[in-house]
Amino acid sequence: MFSQERNFTDWQLTGFGDAPAFLFETIGSTHKLMKSMAASGEIAPGTLFVADSQSDGHGRHERTWDSPAGKNLYFNILIPLDNIPASNFAQITQVAALTFAETFNNIQEGDAIASRDCAGAPKITVKWPNDILYGKSKFCGILAEVVYTRWRSPNKSGMTSENAPRPALSMGVGINVNSAPADYAHLNRAVTTLKTIFGHAINREKLLQALIGNLERAIGQFKAFGIRPWVEAWKRMDQFIGARGTIIVNNNCTDQNRDTGEGSVKKTGRIINMNDDGSLLFECDDGTVETVISADLEI
């Protein structure tokens, strides 16, 4: 994983089920392009988009995601949602975050595996619902939206026919890999990078191959077993249960109004647990206990 990487245009990648991967040296946003092309039936479920740089990268609530060239990973995967109930779509981002965290915690150099269970090794965790942190510094973000794709699949005669609209999840991921924390000083929030965590530059191509392969297997397991195995994994790696935090509901914050919280409902209290369905059990300072299904969590 610490070997020297090839030129970006030479990377060898595939999406889910050997679906194609498209490489963009520069793009506005992989997420916006995938949403548009999926909705118009131009790409198949499982397709992967990867950018070397983005000019309009963003995270939740349109917050800016800085995307310098040649340093990090910015990608979108179009995840098929066949045989997954609509009520469970949101859990897929949690499965992805936990799968990615375990992948990061098993980055290896030769035969020496950097694991969270080894003394002195980095402790990479997931902050509910899907932020990946080292300590309290974020380095990986996930943004997902359901789209209805009209992929025109070939039939037995080789002709193409338009299928009925089918749901798929356009999952965008940004990972600070080989950049430096100083690159993000202007954001005024705790940010780190994998290079800083491990002390070595990471081969982005190999890392992305591992992430996509592990995620595809995890989605198959999720279809078979539901969210519970990942809830148990989260509890094993958790550093937040029992901690105080702030739940931000109906969060309309952007980079411009993030500090004022305009348009948001904030509730402070204590994290009690993560429920079996992936929701958060949260005790507010007024003594009420709430089950939180969708919100931001500040620690």
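- Taking each heavy atom of R270 and G242 in turn, the nearest pair found is CG-O, 3.5 Å.
- Note: F198 and F2 have tilted aromatic rings, judged against thresholds of 30 and 60 degrees for the angle between ring planes.
- With no hydrogens or angles considered, a side-chain donor-acceptor pair links N72 and S179 at under 3.5 Å.
- Side-chain contact between P45 and T149 is present, with heavy atoms from C-beta onward closer than 4.5 Å.
- Not one N or O on the side chain of N273 forms a donor-acceptor pair closer than 3.5 Å with the backbone of I241.
- Judged by distance alone, the side chain of K123 and the main-chain N or O of M237 form a donor-acceptor pair under 3.5 Å.
- Across A44 and L78, no two heavy atoms sit closer than the pair O-CD2, 3.6 Å.
- Cluster membership for I299 and I132, using ILVMFWY side-chain heavy atoms within less than 4.5 angstrom, is shared.
- Side-chain N or O atoms of E298 include none that pairs as donor or acceptor with a backbone N or O of T246 at under 3.5 Å.
- No chain of hydrophobic side-chain contacts below 4.5 Å, direct or via other Ile, Leu, Val, Met, Phe, Trp or Tyr residues, connects I248 to I272.
- In this structure, the separation between CZ on F240 and NZ on K136 is 7.5 Å, given to the nearest 0.5 Å.
- Taking every heavy atom of both residues into account, T47 and M34 meet most closely at O-CE, 3.4 Å.
- Counting only distance, with no hydrogens or angles, the side chain of Q54 and the backbone of T30 share a donor-acceptor pair below 3.5 Å.
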Given side chain to side chain contact (heavy atoms under 4.5 Å, CB included), test F49 with M37 step by step and report yes or no.
CA-CA 11 Å; F49 285 178; M37 294 185 70; 3.8 Å; yes
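- For the pair S3/K206, a side-chain contact is recorded, criterion being any heavy-atom separation below 4.5 Å from C-beta on.
- Side chain of S36 to main chain of L33: no donor-acceptor pair is present (N/O by atom type, distance under 3.5 Å, no hydrogens or angles).
- Listed for the N275 side chain is no donor-acceptor partner under 3.5 Å among the backbone atoms of D277.
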Where do N214 and T99 land on the side-chain hydrogen bond (donor to acceptor under 3.5 Å, both in side chains) test, with the steps shown first?
CA-CA 7 Å; N214 291 345; T99 299; over 6 Å; no
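- Side-chain atoms of T9 and N7 form no donor-acceptor pair, as typed in the model, at a separation below 3.5 Å.
- One distance of note links NE2 of H31 with CE of M171; it measures 10.0 Å at 0.5 Å rounding.
- From Q94, atom CD reaches atom CG of N130 across 7.0 Å, with rounding to the nearest 0.5 Å.
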Donor-acceptor contacts, no H, no angles, side chain residues 11-27, under 3.5 Å, sequence neighbours left out:
residue, atom, partner, partner atom, Å
W11, NE1, R6, O, 3.3
Q12, NE2, D10, O, 3.4
T26, OG1, S53, OG, 3.3

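- We find the CG-CG distance between L73 and L207 to be 5.5 Å, quoted to the nearest 0.5 Å.
- With values rounded to the nearest 0.5 angstrom, D276 atom CG is found 4.0 Å from R228 atom CZ.
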Could you go through K267 and V265, starting from their C-alpha distance and side-chain angles, then the distance that decides it, and tell me whether this counts as side chain to side chain contact (heavy atoms under 4.5 Å, CB included)?
CA-CA 7 Å; K267 300 180 181 182; V265 176; 4.2 Å; yes
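- I92 and Y148 fall within a single hydrophobic cluster, where Ile, Leu, Val, Met, Phe, Trp and Tyr side chains are chained together by heavy-atom contacts under 4.5 Å.
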Verify side chain to side chain contact (heavy atoms under 4.5 Å, CB included) between L280 and I247, making sure each step is shown before the conclusion.
CA-CA 10 Å; L280 197 70; I247 291 291; 3.9 Å; yes
Determine, stepwise, if the pair K32 / K35 fulfils side chain to side chain contact (heavy atoms under 4.5 Å, CB included).
CA-CA 5 Å; K32 291 179 179 178; K35 283 176 56 183; 5.8 Å; no
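- Atom CD1 of residue I227 and atom CG of residue N88 lie 8.0 Å apart, to the nearest 0.5 angstrom.
- Here the shortest heavy-atom pairing between F100 and L211 reads CD2-CD2, 3.5 Å.
- In this structure, the side-chain contact (heavy atoms from CB on, under 4.5 Å) partners of T196, at least two apart in sequence or on a different chain, are P181, T192, T193.
- Nearest heavy atom pair, residue A101 against residue V126, reads CB-CG2, 3.7 Å.
- For the pair W128 (side chain) and G278 (backbone), a donor-acceptor distance under 3.5 Å is present.
- At distances below 3.5 Å, at least one donor-acceptor pair connects side-chain atoms of K127 with backbone N or O atoms of L297.
- The two residues F139 and L133 make their nearest non-hydrogen contact at CE2-C, 3.8 Å.
- Contact annotation: the side chain of D285 approaches that of R244 to within less than 4.5 Å [non-hydrogen atoms, C-beta and beyond].
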